[in-house]
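Quick notes on the structure that follows.
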There are 2 protein chains.
Amino acid sequence: MRVYNFAPGPAMLPGEVMEKAREEFLDYAGTGMSVVELSHRSKDYEAVVERTEALLREVMGIPDNYKVIFVQGGATMQFSAVPMNLRRNGKADYVDSGNFARLALEEARKFVDVHVAASSREDKYVHVPELDPRGFDPDADYFHFTTNNTIYGTCFPSLPDTGNVPLIADMSSNILSQPYDVTKFGLIYAGAQKNLASAGMAVVILREDLLERCSDQLPVLIDYRTYVKSKSLYNTPPSFTIYLAMLTLERLRSLGGVPAVYERNQKKARHIYEFLDRSRAFRPLADKASRSLMNVTFALPDEELNDRFVKEAAKSGLTNLKGHRVAGGMRASIYNAMPLEGAQALVEFMSDFEKKL
Amino acid sequence: MRVYNFAPGPAMLPGEVMEKAREEFLDYAGTGMSVVELSHRSKDYEAVVERTEALLREVMGIPDNYKVIFVQGGATMQFSAVPMNLRRNGKADYVDSGNFARLALEEARKFVDVHVAASSREDKYVHVPELDPRGFDPDADYFHFTTNNTIYGTCFPSLPDTGNVPLIADMSSNILSQPYDVTKFGLIYAGAQKNLASAGMAVVILREDLLERCSDQLPVLIDYRTYVKSKSLYNTPPSFTIYLAMLTLERLRSLGGVPAVYERNQKKARHIYEFLDRSRAFRPLADKASRSLMNVTFALPDEELNDRFVKEAAKSGLTNLKGHRVAGGMRASIYNAMPLEGAQALVEFMSDFEKKL
């Protein structure tokens with residue numbers, strides 16, 4: 001039985017994508033070999049990388065003056081790569097809005113002076129901080145924030161106005177889930193294992209003028225120019241992950257692109273939040289104005305009930321609902337691949353659970 | 001039709017491994033989800049990582065005072081990570097025995113003073129250089145060499161004696177193909193995409209005392225201690241690649257381990273080299289004493305014939321035989337997954353080709 005998998009990442013991938021990957025696993029496009037066995041220097045594989053980039057450009061509306069590269073190490077490697085590549089005067093603004101935002105800024109401290117431009121840490125991250133430009137450093141090398149906070153289930157409702165300071169976003173947990181105007185960003189990065197593919201990769205979208213900042217002393221696979229010059233084929237890429245991303249992007253396009261998927265995502269999230277708002281036993285954990293469409297955090301009145309809920313839900317085929325230990329309670333991650341039926345099954349189960357209390 | 005794929009990496013993987021991966025692609029071990037959809041924090045996935053490490057320790061005879069970690073970025077990331085982690089006095093010995101050996105030493109120059117301890121560059125790498133300890137720096141932080149040179153089809157027949165200087169090996173293209181005494185090495189690394197799994201990972205085996213050299217200023221995913229402390233689960237790992245490695249190692253063990261596979265590998269390589277040695281049209285490219293068991297390089301008298309051979313072989317289901325452009329000619333990569341029948345089919349085809357000349 002295939003379950004509804006509410007894991008925060010690696011996460012559920014679209015059923016059609018998984019079926020297709022399985023179908024051609026032993027013989028990709030008539031080559032007589034698996035896509036994982038294809039030489040990365042072959043025309044067949046180069047076509048996979050080109051197609052993946054072209055699809056991403058299309059669905060996200062990425063302009064020509066932005067480069068798209070596929071890198072290893074996930075978003076965590078970008079916590080280092082962003083300051084290492086983009087430092088100039090040696091100081092940067094960071095927003096402290098959750099666990100990964102915090103890890104990014106702590107890592108950056110190795111390479112630049114970090115100024116915390118906004119923080120909701122004191123409120124235990126139940127909301128995103130206000131992004132007030134008066135608190136920003138106009139001389140910062142860049143401004144870094146995390147669009148969606150996976151662990152706390154919060155999301156920034158709008159983008160900060162950083163003036164001439166390049167806006168850098170970790171978009172790992174909500175890339176492709178809602179429209180973003182790429183031209184507002186200097187650089188966007190996202191780990192693949194939520195809305196894009198399997199784990200082992202991040203996509204980086206960067207405005208080409210920022211490449212001038214890279215230094216020749218960087219490790220070759222940290223230096224963004226290595227990937228730009230080689231079209232992400234300097235060394236052997238994470239070939240299966242890029243291929244799965246291609247399939248996911250094909251499906252996204254066939255569903256009507258990001259605007260259509262955004263509508264579905266709002267519907268799914270709304271269905272769960274509406275239940276939480278009227279429930280007498282379950283309560284949402286994130287403040288209303290900061291609610292994420294991708295990660296819905298909630299809790300029952302005590303730990304014993306939380307545990308029971310998570311266990312019984314798993315038995316009913318609703319898996320991985322346990323919240324992250326630093327946030328407690330439960331979390332339903334409902335990325336693009338989660339069908340509306342999954343959200344409905346969850347609400348039905350919660351409703352039954354509540355009635356039996 | 002599944003072909004005999006002689007690609008140098010990504011390369012052919014064992015048929016049984018691919019069948020098994022396909023079989024459980026949509027439902028791993030009764031979890032109701034694919035292994036690529038499993039949370040890396042789940043018991044099921046942690047068991048995959050633990051099992052992969054245990055199998056590698058068993059088949060390579062890795063002692064307890066060595067750590068085994070799984071990292072992203074392939075061998076190329078290790079070209080940077082080795083000097084960044086292991087530098088102490090700031091100088092290191094490197095052997096220049098081929099294309100990747102050269103890339104490793106050029107990358108290292110960003111971080112340490114590189115002393116070329118031996119080189120066969122002037123002879124265009126058709127043999128490995130002699131490893132004479134009189135040419136080694138006894139005060140080097142470490143000594144780096146490449147056990148098997150993928151592009152030129154050469155392999156060191158024995159290990160250098162580096163005294164107290166830790167011996168570091170890039171074993172990407174012949175790990176698990178022949179027995180190596182791990183205790184002779186300070187650190188071994190290998191990209192996964194030849195003898196182990198799909199692309200997107202390297203395995204690093206390191207003697208634990210070397211961890212004392214790591215600095216707190218390293219990027220978190222370059223610092224070896226990050227992986228050691230977290231059992232390679234600091235951030236989301238390349239989960240499918242580790243899983244494929246587990247399957248490949250299970251199979252290797254069931255075949256009788258490295259000694260049994262080594263015997264098969266010798267048989268396969270001997271079959272091709274014996275043909276090359278008696279052929280009047282084909283000639284081997286690597287010197288006899290340096291011949292690789294994994295990559296057999298050869299050529300016909302002229303480029304036009306080389307091209308024709310590669311094209312006609314592909315039509316007969318013997319694919320990816322074109323040599324690397326810097327070496328010319330042809331190359332048959334015959335890693336562990338290539339069955340003896342593949343080597344036989346190749347020799348039969350070469351023999352027929354020759355007769356028609």
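Chain naming here is simple, since letters A, B, ... match the order of the sequence lines and numbering starts at 1 in each.
Between chain B and the options P219(A), G191(A), S198(A), A192(A), heavy-atom pairs under 4.5 Å are most frequent for P219(A). Residue with the most contacts toward chain B among A337(A), A11(A), A81(A), A75(A): A11(A) (heavy-atom pairs, distance under 4.5 Å). Counting heavy-atom pairs closer than 4.5 Å to chain B, the top residue among M12(A), M84(A), R109(A) is M12(A). The most heavy-atom pairs under 4.5 Å with chain B, out of V35(A), L218(A), V71(A), come from L218(A). Comparing P238(A), P83(A), G73(A) by how many heavy-atom pairs each has under 4.5 Å with chain B, the most go to G73(A). Interface remark: of the candidates D216(B), L38(B), N320(B), L38(B) forms the most heavy-atom pairs closer than 4.5 Å to chain A.
Heavy-atom distances place the side chain of L103(A), and not its backbone, under 4.5 Å from chain B. The part of E107(A) that comes within reach of chain B is its side chain, from C-beta onward, which places non-hydrogen atoms under 4.5 angstrom from that chain. Residue contact with chain B, scored on non-hydrogen atoms closer than 4.5 Å, is absent for Y45(A). For Y234(A), the part lying near chain B is the side chain, with the backbone staying farther off; criterion is any non-hydrogen pair under 4.5 Å. Contact of T319(A) with chain B is made through the side chain alone, with heavy-atom distances under 4.5 Å. For a residue to count as touching a neighbouring chain, one of its non-hydrogen atoms must lie under 4.5 Å from one of that chain's; by this rule E19(A) touches chain B with backbone and side chain alike.
Of the inter-residue distances, the one linking I222(B) atom CD1 with L221(A) atom CG reads 8.5 Å to the nearest 0.5 angstrom. Here the straight-line distance linking atom NZ of K322(A) with atom CZ of R41(B) works out to 14.0 Å at 0.5 Å rounding. Interatomic distance, R22(A) CZ to E23(B) CD, rounded to the nearest 0.5 Å: 8.0 Å. F100(B) contributes atom CZ, which lies 9.0 Å from atom CG of N235(A) (distance to the nearest 0.5 angstrom).
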Criterion side-chain contact (heavy atoms from CB on, under 4.5 Å) on V220(B) and K110(A), from CA distance to verdict: CA-CA 10 Å; V220(B) 63; K110(A) 295 176 184 166; 3.8 Å; yes
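Taking 4.5 Å as the limit, some side-chain heavy atom of P10(B) sits within range of a side-chain heavy atom of T236(A). For the pair E37(A)/M18(B), a side-chain contact is recorded, criterion being any heavy-atom separation below 4.5 Å from C-beta on.
Pairing each heavy atom of L13(B) with each of V36(A), the nearest pair is CD1-CG2, 3.8 Å. For the residue pair A199(A) and P237(B), the shortest heavy atom distance occurs at CB-O, 3.2 Å. Residues Q72(B) and M201(A) approach most closely at OE1-N, 4.0 Å, considering heavy atoms.
The aromatic rings of F240(A) and F25(B) sit perpendicular to each other, their planes meeting at more than 60°, with 30° as the lower class boundary.
Side-chain N or O atoms of N5(B) include none that pairs as donor or acceptor with a backbone N or O of M33(A) at under 3.5 Å.
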